[in-house]
Amino acid sequence: MSDASTPLSIEVTDVTVAYTNGNVALRDTTFSLHSGTVCALVGVNGSGKSTLFKVIMGFLKPAKGTVRIGGRPVKEAQKRNLVAYVPQSEEVDWTFPVSVWDVVMMGRYGSMNFLRIPREEDRRIVRESLERVGMSEYKDRQIGELSGGQKKRVFLARALAQRGRIMLLDEPFTGVDVKTETAIIDLLEELREDGHIILVSTHNLGSVPEFCDRVVLVNRTVLASGPTAQIFTEENLAKAFGGVLRHFKFDHTDLPGSARNEVLLLSDDERPLLLGQDGAPKRSGVGTKTGPLVEDSRK
Amino acid sequence: MMESLLVPFQYEYMVKAILLSGLIGAVCAFLSCFITLKGWSLMGDALSHAIVPGVAVASILGLPFSLGAFVAGLLAAVGMGWVKHRSRLREDAVIGVVFTTWFALGVLLLSVFPSSINLRTIIFGNILGISDQDIIQVICIAGLSLGVLLVKWRDLLVYCFDASHARSLGMNTTFLHFLLLALLSATAVAAMQTVGAVLVVAMLVTPGATAYLLTDRFGRMILLATGMGLFCGIAGAYASYFLDGSTGGCIVVLQTVLFLLALVLAPKHGLLAARTRRREARAVAGALAPSTAKGSQPPSSSISA
């Protein structure tokens, strides 16, 4: 199956995707990822993040350009169970009569014979995967009886059980408690050490520098891609988010004569709460009476 | 007393009807688990009506009825898929338009070209008067469908639950989609013989819906539904002898009775269980904070954190 010796890579070259109604979702998209990376896919809603996922998983055929995984076509990667996908919670029917164990076992189906009867090894892998995400004690629960964070961890366990060396996570931190978020980040770092390629679509800008070593910024095409430190700049983010991005400048300078000490807060669609010097909430983050403590310059 | 209960078994046509109804009931019920979970109930209704013109054409041309019905069902399904993909209409509107057109076409054909099959038989079924040739066709269809389901049920489950995941495992989801459609058409053809085109949808939905209320495990859901389909087929056909009523009517009414029982009495998802849970929640909330009684909780989320 997925032998660890073959070098792993995703190469998206000059990909253009058009839907049947004529909308072009992605144009001339190019980037590449190599073994042992956690990469954030950042962009506004409708910027083509999910389209890019679908292309990498082979659900959509690009009108132009190629996607190669480990130097081979996507179809082959699929057959070898290389790419695992962790869906958004809204995509799943939580009333479905399946248990946590059943869902994780579904990750093993690709390596079973055509009757899909689990062997002892499959059961062992499912047990290990559940343990790794800390969900062993919930294995007999119906999936609808879990909290948001637990649900997410079950689908992570399924991806682990699939033993895909490339993992695509769609907005893994929405509706998730802080404990789960830390657990997911720890797990992704372990997987990076093992040489996996993890691609995480997110609009949670704050957490990106914490756990992603690379970033791909998208808005109908790849605006920039590379190491986080180089790509995650105010200028690039402004390009990716346009008017949606909020800038908040905090002046921490102590004395008028000392060096300026400013902190810039960038946020996309979520509004941070800001309190003025007197402790009163500030409307739309723009300082009024107490002076321009905070400057909201929506570009 | 005992002897009069055994009377139906003295007639060969009754024995055939009872066994055949049980077989068809079981196969339809097995499939109904997928239909209810995939949300294809309306599709089942549509296909069971859409097979009528196929039966008409087959009887006019002297071909086996099941072949015509199967082809007509698949054509209707493909037609619906095509119109939905190409137009801005919602799925229910597309299904409504396509299946009534197909059904009307069948009614028209049968009335213009009178043939060996009459309209009543197709619409209401006639298991008591089924010919040996038709019995063989029905057994072949039911057996084949059952075999495919037994081999492929896990794949179909993954496809119904999470099609994206199924694809990432390398499964051919287009194939699974059409397999499910083909199974639906095939079982609808078989069930048409027993309960008629109008009531086929009940056989393809009710057992699955009932079992879904009774369990949270898919394997158990299949067993419960199939057992119920088998039992209702046999018992319904048997009861119709004493009631001197329509076999299809008896089978479907019996299924509905079981459904209503499950709806009220199901241990976890039944109405009574939900009411008890609401009461308990109110009592707990009342004990904790009498002034801010929280009221009812939705039944299914009572355990989630």
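Order of the sequence lines sets the chain letters (A, B, ...), proteins ahead of strands, with each chain counted from 1. Only heavy atoms go into these numbers, but all of them, side chains included; no hydrogens, no water, no symmetry mates. Note that the coordinates shown come from a computational prediction; the quantities given were computed from them, not determined experimentally.
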*Asks:* Let me know if B:Asp216 has heavy atoms under 4.5 Å from chain A in its side chain, its backbone, both or neither.
*Replies:* both

*Asks:* Evaluate the side-chain proximity of B:Asp162 to A:Arg158: yes if any heavy-atom separation is below 4.5 Å, no if none is.
*Replies:* yes

*Asks:* Please look at A:Asp177 and chain B and tell me whether the side chain, the backbone, both or neither of the residue comes under 4.5 angstrom of a heavy atom of that chain.
*Replies:* neither

*Asks:* Restricting to non-hydrogen atoms, name the atom on B:Leu157 and the atom on A:Phe96 that form the minimum distance, rounded to 0.1 Å.
*Replies:* CD1-CE2, 3.3 Å

*Asks:* Count the heavy atoms belonging to other residues, nucleotides or ligands that lie under 6.0 Å from CD of B:Glu91, then report whether that count exceeds 12.
*Replies:* no

*Asks:* As an exercise: rank B:His85, B:Met221, B:His165 by heavy-atom pairs under 4.5 Å with chain A and give me the winner.
*Replies:* B:His165

*Asks:* For side-chain contact (heavy atoms from CB on, under 4.5 Å), just list the numbers for A:Met106 and B:Leu169, CA-CA rounded to whole Å, side-chain angles, deciding distance to a tenth of an Å, and then say yes or no.
*Replies:* CA-CA 9 Å; A:Met106 284 179 196; B:Leu169 291 171; 5.5 Å; no

*Asks:* Looking at A:Val103, A:Thr95, A:Asp102, which has the largest count of heavy-atom pairs under 4.5 Å with chain B?
*Replies:* A:Thr95

*Asks:* Side chain, backbone, both or neither: which part of B:Thr215 has a non-hydrogen atom closer than 4.5 Å to chain A?
*Replies:* backbone

*Asks:* More than 12 non-hydrogen atoms from neighbouring residues, nucleotides or ligands closer than 6.0 Å to NZ on A:Lys75, yes or no?
*Replies:* no

*Asks:* Are any of the side-chain heavy atoms of B:Ser168 and A:Gln162 separated by less than 4.5 Å?
*Replies:* yes

*Asks:* So, for B:Arg154 and A:Arg116, which heavy atoms are closest and what is the spacing to 0.1 Å?
*Replies:* CD-O, 3.1 Å

*Asks:* Looking at A:Lys54, A:Gln142, A:Met57, A:Glu91, which one has more heavy-atom pairs under 4.5 Å with chain B than the rest?
*Replies:* A:Gln142

*Asks:* Counting heavy-atom pairs under 4.5 Å to chain B, which of A:Leu115, A:Asp93, A:Leu168 comes out on top?
*Replies:* A:Leu115

*Asks:* Is it true that atom CZ of B:Arg275 has more than 12 heavy atoms of other residues, nucleotides or ligands lying nearer than 6.0 Å?
*Replies:* no

*Asks:* CZ of B:Arg167 to CZ of A:Phe59: how many Å apart, nearest 0.5 Å?
*Replies:* 5.5 Å

*Asks:* Which of the residues B:Leu150, B:Thr173, B:Val151, B:Leu37 is involved in the greatest number of heavy-atom pairs with chain A at under 4.5 angstrom?
*Replies:* B:Leu37

*Asks:* Taking side chain as everything from C-beta outward and backbone as N, CA, C, O, which of these in A:Phe114 sits under 4.5 Å from a heavy atom of chain B? Side chain, backbone, both or neither.
*Replies:* both

*Asks:* Of the backbone (N, CA, C, O) and the side chain (C-beta and beyond), which part of B:Cys160 lies under 4.5 Å from a heavy atom of chain A, both, or neither?
*Replies:* both

*Asks:* Quick check on A:Val98 against chain B: is it the side chain, the backbone, both or neither that has a heavy atom closer than 4.5 Å?
*Replies:* both

*Asks:* Got A:Ser99 and B:Arg217 here, is their nearest side-chain heavy-atom distance under 4.5 Å?
*Replies:* yes

